[in-house]
Trainee: 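Right, I'll just put the structure down here and ask away after.
Proteins get letters first, then strands, A, B, ... in listed order; numbering begins at 1 in each. Only a predicted model underlies this, so the values are computations on that prediction, with no experimental measurement involved.
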There are 2 protein chains.
Amino acid sequence: MSASDHGPQTSARKRADARRNEQSLLDAAAAAFLAAGVDAPVREIAARAGVGVGTIYRHFPTRADLVIAVYRHQVEAAAEAGPTLLATSDTPFAALAQWIDLFVDFLVTKHGLAEALQSDDTTFEALHAYFLDRLVPVCTRLLDAAATAGEVRPDVAAYELMRGVGNLCIGAGRDPRYDARRLVELLIAGLRLNP
Amino acid sequence: MSASDHGPQTSARKRADARRNEQSLLDAAAAAFLAAGVDAPVREIAARAGVGVGTIYRHFPTRADLVIAVYRHQVEAAAEAGPTLLATSDTPFAALAQWIDLFVDFLVTKHGLAEALQSDDTTFEALHAYFLDRLVPVCTRLLDAAATAGEVRPDVAAYELMRGVGNLCIGAGRDPRYDARRLVELLIAGLRLNP
DNA sequence: TGGCATGCGGAGTCAGGTTCCGTATTGTTG
DNA sequence: CAACAATACGGAACCTGACTCCGCATGCCA
């Protein structure tokens, strides 16, 4: 099991019923997260999937494992979008800005995810780690390229920037007076050197 | 009882033991918040104060009431600092920047407060409301002055700015790689028009 | 000092998360 | 196909922490 392995997901040789339940759980969790956020009660997810709570814990020992499994595809897509944007954009800064936009879109549409990402609750440690492992290197490349081109301040680390962006997404969509996207734009504007 | 009345605090005519307990609770809560953040267990606060949990709920029906009472002085001080800074600073922008600095200092030294401020937990509704009632008008004045002077973009509301700043302070002090102050600076820089 | 309004303590209730183990299902082997 | 071992399942039981409620204690006033 490699260090970047999170949760069972596509699992190898398991009993047929186990694989079926795992899929039901992923579907149920996705639905529950959509309806009630990533803090949806364990019992509710189990009920939606038509399984007992024990089955959840067997497949996904911590809530983070479940959340990761549910959003894995989208996180991978974001990670892969980085290099692509860098290759196709006019300037590294444009690529960075677009990539951050993508990330913000992802976060603001997942009720409670931004909160979970920043929470110090140990339940979410693995979630935090997964996002960081997967996305910080991508962001670092974009940021470095933009810094090398002299477009942004060279003294801000990708980790810090991503946490800042993640933080700004907390509570987005709960209040029409708060537009996370606009504030992230401000933050990125503050990062820029020669407009 | 005016609309901006929060918690009993200095209370008028109550029994002597009640007033004593209220003070013990404030002291105990302040200590507990310092040690364990504003989410410190109710039972622990009660124990520190040497009272039963019922006594907490009698004096401070919601956690927000207790938090407000504990930090009231500092919030008032921040509110009063606004006009002062505006009067003594070279430019409205400088006053705004200093005031935001003050606010950030306050938040990052209160473990868990920034989190609570943004949480949608109904327990903290009153806290949210109190901060907004008290500080948004102050920030609005600073922001308006800076906008009028052409120093900042005129299209960002104080409410949004303050929530953004509050959000950026979440998790500050938990991780040396994350410096909330620096990111807030970036945000303010992004707000600026003619540097 | 007596009477009673006020306030107190903490056991009890409720809501979630997490564990555990007897039972059921699956897959394999003779 | 039958019988068995391995695997997985369900959900009752348990734990933690917030919040309520009421019989008892305390302070206040006459």
Trainee: Is the count of non-hydrogen atoms from other residues, nucleotides or ligands lying under 6.0 Å from B:Arg141 atom CZ greater than 12?
Mentor: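 Atom CZ in B:Arg141 is not packed in, count stays at 12 or less.
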
Trainee: Measure CG/B:Asn21 against P/C:dG10 and give the value in whole Å, please.
Mentor: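 Going from B:Asn21 (CG) to C:dG10 (P), I get 12 Å.
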
Trainee: B:Asp17 has an atom CG; how far is it from atom C1' of C:dG7, in whole Å?
Mentor: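 These atoms are roughly 6 Å apart.
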
Trainee: Can you find an N or O donor on one side and an acceptor on the other, under 3.5 Å apart, linking the side chain of A:Arg63 with the base of C:dG17?
Mentor: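 Side chain to base: no pair present.
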
Trainee: Just compare D:dG17, D:dG10, D:dT20 and give me whichever is closest to any side-chain atom of B:Tyr57.
Mentor: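 The answer is D:dT20.
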
Trainee: Whole angstrom is fine here: how far is it from CZ in A:Arg13 over to C1' in C:dT26?
Mentor: 13 Å

Trainee: Quickly work out the B:Arg19 CZ to D:dG27 C1' distance and round it to whole Å.
Mentor: 11 Å

Trainee: Between atom NZ in A:Lys14 and atom C1' in C:dT25, what is the gap in whole Å?
Mentor: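 Atom-to-atom, A:Lys14 to C:dT25, this comes out as 15 Å.
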
Trainee: Rounded to whole Å, how long is the line connecting atom CZ of A:Arg58 with atom P of C:dT25?
Mentor: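 So the two atoms are 14 Å apart, to the nearest Å.
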
Trainee: Can a donor-acceptor pair be found, under 3.5 Å and without considering hydrogens, that links the side chain of A:Arg19 to the backbone of A:Arg13?
Mentor: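 Pair absent, no side-chain N/O of A:Arg19 close to backbone of A:Arg13.
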
Trainee: 5'-most contact on DNA chain D: A:Gly52 or A:Arg43, nearest heavy atom basis?
Mentor: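 By nearest-heavy-atom nucleotide position, the 5'-most residue is A:Gly52.
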
Trainee: Starting at CG of A:Leu25 and ending at C1' of D:dC9, how long is that distance when rounded to a whole Å?
Mentor: 12 Å

Trainee: Ignoring backbone atoms, establish whether B:His59 has a side-chain N or O less than 4.0 Å from OP1 or OP2 of C:dG7.
Mentor: no

Trainee: Just call it for B:Val53: base, sugar-phosphate, or nothing, with non-hydrogen atoms closer than 4.0 Å on any strand.
Mentor: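 The residue B:Val53 makes base contact.
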
Trainee: Could you verify whether a donor N or O on one side chain and an acceptor N or O on the other, from A:Asp65 and A:Thr62, lie under 3.5 Å apart?
Mentor: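 There is such a pair between these side chains.
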
Trainee: Could you please name the option among C:dG27, C:dC8, D:dA8 that lies closest to any side-chain atom of B:Ala18?
Mentor: C:dC8

Trainee: Are B:Arg72 and B:Tyr130 in a cation-pi setup, meaning NZ or CZ lies under 6.0 angstrom from the ring centre and within 45 degrees of the ring axis?
Mentor: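 Flagged: B:Arg72 positioned over aromatic ring of B:Tyr130.
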
Trainee: What are the two closest non-hydrogen atoms of B:Ala79 and B:Val138, and how far apart are they?
Mentor: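 Minimum heavy-atom separation between B:Ala79 and B:Val138: O-CG2, 3.6 Å.
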
Trainee: Nearest-Å distance, CG (A:Leu66) to C1' (C:dT18)?
Mentor: 15 Å

